> 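Mind looking over this structure? Questions follow.
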Amino acid sequence: MLDVIRDVQSETGSVSEEAIVQIAAAMNVSQVDVEGVVTFYHFFSKSPVGKYSVYLNNSAVSFMKGCAAIAKAFEQEAGCAFGKTTADGNIGLFYTSCIGMNDQEPAAIINDVVFTNLTVEKVKEIVAGMKAGKSAKDLVKQFGDGQNQSELVKSMVNNNIHKKGLVLFAPFEAGSAVKKVATMTPDAVVEEMKVSNVRGRGGAGFPTGMKWDFTRKSEGPKRYIVCNADEGEPGTFKDRVILTEMPQMLFEGMAVGGYAIGADEGLLYLRAEYMYLKNYLENVLEKMRKNNQLGKDIAGKKGFNFDIKIQMGAGAYVCGEESALIESAEGKRGQPRNRPPFPAQVGFMGKPTSVNNVETFCCAARIVLEGGAWFAAMGTLQSKGTKLLSVSGDCKKPGIYEIEFGTTVKTLLEECGAMDAVAVQIGGPSGTCIGKKDFGRRICYDDLATGGSIIVMGPKTDILQVVHNFMEFFVEESCGWCVPCRAGNKILTERLEKIMHGKGSATDLTELESWCAIVKSMSRCGLGQTSPNPILTTIQNFRELYEAKIQKGKDYVSEFDFAAAVKESCAVANRKPLSEGH
Amino acid sequence: MADITLTIDGKTCKAKPGQSIVDAAKENGIYIPVLCNYEGLKPAGTCRICTVRVGGRFMAACTTPVGEGMIVESGTPDIEDMRKAIVEMLFVEGNHMCPCCEKSGNCELQALGYRYQMLVPRFPYLWPASQVDASTPKIFLDKNRCVQCLRCVRGAVTPDGKHVFGLLNRGDRTAIAIDHALASKMTDEMAQKAMDSCPVGAILRKEVGYVVPIGMRKFDSKPIGSDIGQ
Ligand SMILES: Cc1cc2nc3c(=O)[nH]c(=O)nc-3n(C[C@H](O)[C@H](O)[C@H](O)COP(=O)(O)O)c2cc1C
Ligand code: SF4
Ligand code: SF4
Ligand code: SF4
């Protein structure tokens with residue numbers, strides 16, 4: 001259903017009531033179900049989004065890099081406010097959550113084309129081009145590095161790979177991993193994964209060998225391999241670079257997984273923001289089919305059948321959660337499922353499914369080639385191998401770093417040119433915000449875990465603003481299923497605002513902390529279970545910032561702002577506030 | 001299959017394999033509060049009020065099956081306080097004016113508010129701008145009072161498997177909605193069933209009201225859960 005809705009959206013600029021009626025009839029579901037899907041995803045809209053729909057990234061890093069000025073420039077040039085379309089329906093301006101370009105912000109997506117490192121000048125050119133009716137693709141003037149220049153991508157996105165390691169960015173010979181795996185038994189593949197001790201790179205860090213073992217042992221005539229390329233955690237963009245530079249290795253890794261668990265179909269769930277890579281990736285798949293690296297009897301081995309389909313997302317962070325991703329891939333609202341059962345038992349289309357991150361599959365391909373022991377020789381006790389980090393924020397060299405697990409934050413900060421860092425957000429908003437005293441800690445599952453996002457904050461960045469931005473992100477991206485996350489994050493955000501506006505007391509701060517614990521404990525999935533982290537970890541590590549904002553010696557401060565209320569009511573009644581003259 | 005033995009708040013309980021913790025507790029005379037759970041419907045786990053702690057981890061007792069030797073903590077002061085917080089969140093997340101609500105006395109949210117002795121929610125009111133959808137022939141859908149338990153979504157399904165109710169939007173804007181095409185064919189029985197299953201006053205039948213007078217309603221004299229035990 002997602003594909004159908006996406007087609008309607010991109011062809012007509014909206015999914016109207018009539019379209020919903022038609023889709024419902026065609027799919028034999030109720031209209032409210034179709035409307036439920038349309039209204040769930042950020043890139044679907046019931047009202048027209050313009051012939052050109054500009055989605056400007058409003059992530060914290062985007063604001064550090066001047067998003068506000070860019071937004072203003074768009075509004076001025078286009079002649080409409082954000083959240084609206086121009087009167088002639090030509091241009092629509094919208095904000096969107098992190099689009100995976102944090103190392104080249106401010107960035108925006110216009111009709112699936114990515115525009116990075118925006119300046120006011122560039123905005124003027126872009127809007128002029130849109131007014132002149134040029135296609136979004138033609139507005140891209142120069143292209144990025146590496147495969148971003150290739151015929152099928154032609155994008156201004158940059159890879160910014162600053163450090164290559166032995167696993168991800170070492171040379172990879174096309175076809176080598178499937179050839180090697182074809183000489184092994186599925187048992188041996190799983191065993192090798194276990195020996196390597198590789199843990200999932202998507203954030204949760206579950207041992208991949210074990211996951212594959214469970215999935216393989218689940219009863220059923222059919223199983224699936226699903227690659228999680230939703231990459232929605234703000235500040236993460238490493239999967240984008242893998243997809244751009246190492247798609248062959250990724251797809252072979254998926255085939256390895258398929259071989260190991262006994263799946264002949266794989267799905268790449270690609271976030272909508274990376275639509276610009278779709279044709280390019282399809283082309284890689286096509287070539288692999290021709291070269292007997294996908295399809296039937298792969299690498300000449302009878303019965304080694306595996307093929308991969310690409311499923312596009314439609315703008316929802318929560319769809320990175322594996323069971324929500326499966327729901328979404330089945331064409332529904334991206335709401336996580338209750339577990340048990342786990343996807344390894346009941347997954348895509350009700351079949352046992354292993355969902356793994358892009359980077360995890362690449363590790364698998366490398367492990368098959370080099371052996372589990374080789375892999376396990378790198379890293380720390382509980383975190384083997386290397387990790388791709390997406391570094392952004394206040395540093396000289398934002399981009400991709402392949403580090404060995406166990407590297408300290410300090411070393412990383414030296415490498416990326418961020419010696420004046422005051423705080424570092426490890427693992428994105430759902431991770432931890434640490435201060436200087438913790439810069440000696442190591443990046444690994446045993447200490448500071450991360451799915452890849454590292455956001456550096458320098459002395460000029462307002463940390464509480466960043467926290468607020470993260471909380472707004474969670475309010476927006478919660479799937480809305482369960483109470484503590486749906487209502488709780490909104491409540492936490494409001495209380496945070498109260499404190500930030502100087503209307504908080506010590507009681508407010510204590511309450512805020514205890515409410516965070518409630519949201520974490522009671523929420524259904526990883527989103528709500530981690531969403532209070534921005535507040536909690538900053539209260540822990542930067543308590544003085546909160547202390548400075550609260551009114552000392554008072555138990556209670558009303559959040560009611562009399563002056564503001566008078567102003568508001570006067571505006572409504574079209575009167576002049578009396579108090580102004582006094 | 002053989003019975004499973006588990007303990008809930010120190011009490012040894014017998015349960016059937018596959019049974020949820022909530023159901024097992026109920027059979028053993030232990031009340032775990034629920035709001036979204038409803039007999040005959042697949043558990044959804046939306047309200048989280050039945051959250052218990054097993055092995056240090058929190059989980060919803062309605063969606064978690066019992067396991068042999070499980071040690072479940074349910075009525076501890078910290079868990080009970082978080083359950084109360086959920087009730088309070090629901091009150092601030094919607095617009096509830098009990099004295100003028102047809103469901104008052106039959107309302108499970110209100111009953112939980114009493115059970116947890118909620119005087120005033122600890123959270124600030126969010127005052128959402130919600131609407132009443134009175135456009136269908138048989139029912140009023142008052143979104144101000146909806147707790148998004150999804151009982152109606154799960155329960156009201158046409159013979160050919162279509163949902164009469166569904167969720168729209170996401171995040172804090174998530175809201176219940178009714179399918180207008182299907183609602184126009186709703187019978188009185190279906191409407192009554194939907195109203196009865198709704199724990200709050202979000203689904204009300206048109207043309208009938210206050211059939212059971214205030215004072216003689218479900219929770220007017222007996223607190224919610226008192227039929228099960230402590
Ligand atoms: C809210 C939320 C968002 C997530 N987003 C992603 C994501 O974008 N990419 C990803 O690989 N895993 C994401 N995960 C983790 C997945 O649920 C899952 O653990 C992962 O895909 C498993 O792959 P791995 O074992 O290779 O890490 C997310 C989890 C949650 C709770
Ligand atoms: S925690 Fe948030 S995202 Fe997860 S199920 Fe609950 S509402 Fe949805
Ligand atoms: S639905 Fe329940 S809690 Fe809400 S107003 Fe009615 S009686 Fe009160
Ligand atoms: S309308 Fe009633 S039954 Fe339906 S979700 Fe809302 S509260 Fe639950």
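Labels below follow one simple rule: chain letters A, B, ... track the order of the sequence lines, proteins then strands, and each chain is numbered from 1. On a predicted model such as this, the values are computed, not experimentally measured, just so you know.
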> With only heavy atoms counted, which part of B/Ala175 is less than 4.5 Å from chain A, the side chain, the backbone, both or neither?
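Answer is neither: B/Ala175 stays 4.5 Å or more from chain A.
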> With chain A, which of B/Thr158, B/Val147, B/Ile86, B/Thr64 has the greatest number of heavy-atom pairs at distances under 4.5 Å?
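Heavy-atom pairs under 4.5 Å are most numerous for B/Ile86.
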> Counting only non-hydrogen atoms closer than 4.5 Å, does A/Arg333 touch chain B with its backbone (N, CA, C, O), its side chain (CB onward), both, or neither?
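Interface part for A/Arg333: side chain.
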> Just checking, is any N or O donor in the side chain of A/Thr530 or A/Lys520 under 3.5 Å from an acceptor N or O on the other one?
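Note: A/Thr530 and A/Lys520 side chains miss the donor-acceptor criterion.
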> For chain A, which candidate among B/Ile178, B/Thr51, B/Leu167, B/Asp78 shows the most heavy-atom pairs at distances under 4.5 Å?
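Max contact count across the listed options: B/Leu167.
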> Contact part of A/Phe474 toward chain B, heavy-atom cut-off under 4.5 Å: side chain, backbone, both or neither?
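Neither part, no heavy atoms under 4.5 Å.
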> Answer with side chain, backbone, both or neither: which region of A/Val29 has an atom nearer than 4.5 Å to a non-hydrogen atom of chain B?
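Answer is backbone: N, CA, C or O of A/Val29 sit under 4.5 Å from chain B.
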> Is B/Leu35 in contact with chain A via its backbone, its side chain, both, or neither, using a 4.5 Å heavy-atom distance?
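When you check distances to chain A, no heavy atom of B/Leu35 falls under 4.5 Å.
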> Taking side chain as everything from C-beta outward and backbone as N, CA, C, O, which of these in A/Asn489 sits under 4.5 Å from a heavy atom of chain B? Side chain, backbone, both or neither.
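Contact with chain B: none, neither part.
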> Select, from A/Glu477, A/Lys498, A/Gln529, the one with the greatest count of heavy-atom pairs under 4.5 Å involving chain B.
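Most heavy-atom pairs within the cutoff with chain B belong to A/Glu477.
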> Using 30° and 60° as the class limits, which term best fits the ring planes of A/Phe214 and A/Phe206: parallel, tilted or perpendicular?
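The arrangement is tilted - the two ring planes meet at 30° to 60°.
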> Given side chains that start at C-beta, do those of B/Ile224 and B/Gln110 come closer than 4.5 Å, heavy atoms only?
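A side-chain contact under 4.5 Å is absent here.
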> Given the ring of A/Phe562, does A/Lys503 sit roughly above its face, with NZ or CZ under 6.0 Å from the centre of the six-membered ring and within 45° of the axis?
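No.
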> Are side-chain N/O atoms of B/Gln148 and B/Glu93 paired as donor and acceptor at under 3.5 Å?
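Looking only at side-chain atoms, B/Glu93 and B/Gln148 do not form any donor-acceptor pair under 3.5 Å.
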> Looking at every non-hydrogen atom in both residues, tell me the closest pair between A/Tyr41 and A/Ser328 and how far apart they are.
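It is OH-OG, 2.9 Å.
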> Pick one of side chain, backbone, both or neither for B/Pro43, based on which atoms fall under 4.5 Å of a heavy atom in chain A.
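Just the backbone, heavy atoms under 4.5 Å.
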> Counting only non-hydrogen atoms closer than 4.5 Å, does A/Ala316 touch chain B with its backbone (N, CA, C, O), its side chain (CB onward), both, or neither?
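When you check distances to chain B, atoms from both the backbone and side chain of A/Ala316 fall under 4.5 Å.
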> Contact part of B/Leu182 toward chain A, heavy-atom cut-off under 4.5 Å: side chain, backbone, both or neither?
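Contact with chain A involves the side chain of B/Leu182 alone.
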> With a 4.5 angstrom heavy-atom cut-off, could you sort out which part of A/Ser523 is near chain B: side chain, backbone, both or neither?
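Answer is backbone: N, CA, C or O of A/Ser523 sit under 4.5 Å from chain B.
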> For a side chain to side chain contact (heavy atoms under 4.5 Å, CB included) check, start with the C-alpha distance between B/Arg173 and A/Thr39, then their side-chain angles and the critical distance, and finish with the verdict.
CA-CA 10 Å; B/Arg173 289 172 293 113; A/Thr39 54; over 6 Å; no
> With no hydrogens and no angle check, just 3.5 Å: does a side-chain donor-acceptor pair link A/Ser97 and A/Glu476?
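There is no such pair (donor and acceptor under 3.5 Å, judged by atom type) between the side chains of A/Ser97 and A/Glu476.
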> Pick out which of B/Lys103, B/Arg115, B/Arg151 makes a salt bridge (charged side-chain N to carboxylate O under 4.0 Å, His left out) with B/Glu108.
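It is B/Arg151, the one option of B/Lys103, B/Arg115, B/Arg151 that forms the salt bridge (charged side-chain N to carboxylate O under 4.0 Å, His left out) with B/Glu108.
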> Could you tell me which portion of A/Gln335 (side chain, backbone, both or neither) has an atom closer than 4.5 angstrom to a non-hydrogen atom of chain B?
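For A/Gln335, side-chain heavy atoms alone lie under 4.5 Å from chain B.
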> With only heavy atoms counted, which part of B/Val153 is less than 4.5 Å from chain A, the side chain, the backbone, both or neither?
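Looking at B/Val153, nothing touches chain A.
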> Is a side-chain donor or acceptor of B/Arg145 paired with a backbone partner of B/Val200 at a separation under 3.5 angstrom?
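Not at all, since once roles are kept as given, no pair shorter than 3.5 Å links the two residues.
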> Check each atom of B/Ala177 against the heavy atoms of chain A and say whether the ones under 4.5 Å are side chain, backbone, both or neither.
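Contact with chain A is through both the backbone and side chain of B/Ala177.
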> Counting heavy-atom pairs closer than 4.5 Å to chain B, which one of A/Ser478, A/Ser521, A/Ala487 comes out on top?
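Option with the greatest count: A/Ser521.
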> Pick one of side chain, backbone, both or neither for B/Arg122, based on which atoms fall under 4.5 Å of a heavy atom in chain A.
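Both parts, backbone and side chain.
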> As an exercise: rank A/Glu559, A/Lys490, A/Glu511, A/Arg495 by heavy-atom pairs under 4.5 Å with chain B and give me the winner.
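With the most close heavy-atom pairs to chain B, the winner is A/Lys490.
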> Tell me whether A/Asp33 is salt-bridged to A/Lys332, with the criterion being a basic N under 4.0 Å from an acidic carboxylate O.
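No, no charged N to carboxylate O under 4.0 Å.
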> Within the distance-only criterion (no hydrogens, no angle test), does the side chain of B/Arg154 pair as donor or acceptor with the backbone N or O of B/Leu150 below 3.5 angstrom?
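Here the side-chain-to-backbone pair exists.
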> Is it the side chain or the backbone of A/Gln31 that comes within 4.5 Å of chain B heavy atoms, both, or neither?
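Both the backbone and the side chain of A/Gln31 come within 4.5 Å of chain B.
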